[in-house]
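Numbers restart at 1 for each chain; the letters A, B, ... are given by sequence-line order, proteins then strands.
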Protein chains: 2
Amino acid sequence: MAIPKRKGRMTTSSRIYDTLRQDLVNGRFEAGEKVAISSLKARYDVGLSPLREALNRLAAYGLLIQENQRGFRVPRLDRDELDDIAGMRRELEGMALERAIARGDAEWESELLAAAHRLKRADQAPESGDEWERLHGRFHRTLVAPCGSAWLLRFIEQLHDQFDRYRRLAPEAPEVRRVLDAQHGELVALALERDAQGARALMDDHIQRSYEVALGSFSRGRLTR
Amino acid sequence: MAIPKRKGRMTTSSRIYDTLRQDLVNGRFEAGEKVAISSLKARYDVGLSPLREALNRLAAYGLLIQENQRGFRVPRLDRDELDDIAGMRRELEGMALERAIARGDAEWESELLAAAHRLKRADQAPESGDEWERLHGRFHRTLVAPCGSAWLLRFIEQLHDQFDRYRRLAPEAPEVRRVLDAQHGELVALALERDAQGARALMDDHIQRSYEVALGSFSRGRLTR
DNA sequence: TTGCGATAGAAAATCGATTATATTGTCTTC
DNA sequence: GAAGACAATATAATCGATTTTCTATCGCAA
């Protein structure tokens with residue numbers, strides 16, 4: 001068995017990239033805001049070079065907008081773009097889910113059950129929102145993981161990050177939240193039954209409802225920072 | 001080789017990004033090769049900072065692999081990955097084409113005809129391969145442009161770049177090339193007739209044949225640099 | 001031999017300072 | 001007053017040098 005590589009191989013660049021990505025997805029920057037590089041330098045206590053490298057990566061990834069000679073901006077929240085992101089999520093995650101159901105093996109079933117269980121426990125422990133986010137992302141990743149297409153997974157990941165920018169700013173919607181949480185379990189059930197059609201339909205509905213929650217980012221949500 | 005200065009707001013970073021992207025897509029670097037930063041510095045006659053920023057962007061875009069503390073590598077050419085890329089192209093470009101046909105207006109029809117005509121002329125003038133590549137890319141972009149989804153277009157663009165890494169290394173296939181060239185015209189005809197089904201089917205076939213050409217990158221093509 | 005540790009050299013990552021560009025504010029002119 | 005020119009300031013981009021980390025090689029012991 002191969003020895004697991006040292007996790008410690010991290011550069012300042014990569015660390016700050018991860019941190020900034022999280023902070024951008026979680027709405028810790030005002031949408032549309034100009035990102036003053038020197039203020040980030042102070043805020044995260046890093047040098048210019050690794051910081052700029054991280055910003056360049058984030059711009060290529062789509063979480064920042066880069067304008068030559070004018071630095072970086074946080075993308076605006078835009079209703080049409082949210083529609084686009086949600087629509088693409090439906091298409092791509094539906095596709096990925098069907099394939100995953102066709103290809104996933106017994107090990108996948110186990111991991112899926114585990115991921116769903118962890119998420120369910122987090123649903124009921126409302127104290128740690130960040131932990132819930134982590135497990136939620138992980139559940140959705142696990143669901144589509146064996147779809148067989150690395151590029152499809154990559155795109156889905158990217159869309160999730162974009163989508164979450166909106167969702168995390170939206171006001172809480174406890175009733176919808178309860179439905180969404182329940183759907184996670186139903187998705188697992190349909191996946192285990194290998195009901196691709198049913199699962200895809202449910203995923204579609206799941207994303208649609210999430211989208212409706214995320215739409216809230218345009219009303220009250222924007223102001224509650 | 002010096003980086004040509006372009007008009008407009010351009011940074012060294014952006015210039016070298018464009019150049020490197022082209023060079024990577026066109027197979028001017030050996031697949032799997034480790035990219036020695038200092039050799040690039042000499043090759044393109046730029047400083048370390050803008051070069052590293054460009055490399056970071058390219059890694060986030062998927063044309064390079066970044067390994068912490070070990071710099072950058074050109075991704076290997078991998079048969080399974082080519083399958084993946086071609087498959088995703090079929091899915092996404094098919095989807096985009098259907099939507100474009102449903103939404104494209106008269107102006108789109110004009111631009112499409114123009115793009116197809118320019119490409120056709122380039123087909124018959126085999127001297128300038130780079131120009132043909134430019135017009136070919138432009139034609140395919142025009143075809144799907146009014147699909148209505150910026151993210152879909154973004155993903156398609158990215159997949160094209162990935163696909164072309166393989167295609168440009170593959171040996172010439174004049175007979176298939178002739179078929180592919182003819183299909184461009186047929187695609188325009190079907191688009192103008194608003195035959196979404198037919199156009200999608202043809203696009204599927206078009207990508208499939210291109211894929212078969214690109215497969216050649218695994219035999220002789222690899223050596224013809 | 002084979003494996004281990006030390007080490008010199010190479011390469012990547014980062015820093016501190018400089019240069020180039022954009023932005024802001026002020027003054028002038030019409 | 002509004003528009004434009006200019007200077008002052010702020011910020012982005014880049015450079016040259018330094019620090020850190022990897023990698024190849026060697027000597028030595030089992």
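Residues forming a side-chain hydrogen bond (donor to acceptor under 3.5 Å, both in side chains) with B/Tyr166 (at least two apart in sequence, or on another chain): B/Glu81. With sequence neighbours left out, B/Arg90 forms a side chain to side chain contact (heavy atoms under 4.5 Å, CB included) with B/Asp204, B/Ile207, B/Gln208. Remark: A/Asp18 engages A/Met10 in a side chain to side chain contact (heavy atoms under 4.5 Å, CB included) (not counting sequence neighbours). Residues passing the side chain to side chain contact (heavy atoms under 4.5 Å, CB included) test with B/Leu153 are B/Val144, B/Cys147, sequence neighbours excluded. Take A/Arg154 and apply the side chain to side chain contact (heavy atoms under 4.5 Å, CB included) test, not counting sequence neighbours, and it matches A/Trp151, B/Gln158.
One interatomic measurement links the two molecules: OH of B/Tyr17 to C1' of D/dA13, which rounds to 19 Å at whole-angstrom precision. The nearest whole Å value for the distance from the NZ atom in A/Lys41 to the P atom in D/dA10 is 17 Å. For the pair B/Asp45 CG and D/dG16 C1', the interatomic distance rounds to 15 Å; values are reported in whole Å. We find that CG of A/Leu51 is positioned 15 Å from C1' of D/dT14, with the value rounded to whole Å.
Between the side chain of B/Asp23 and the backbone N or O of B/Arg28, no donor-acceptor pair lies under 3.5 Å.
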Fill in the blank from the handout: Whether each nucleotide of nucleotides 6-15 of chain C has a protein heavy atom under 4.0 Å at its base (B), only at its sugar-phosphate (S) or at neither (-) is summarised, 5' to 3', as ------SSBB
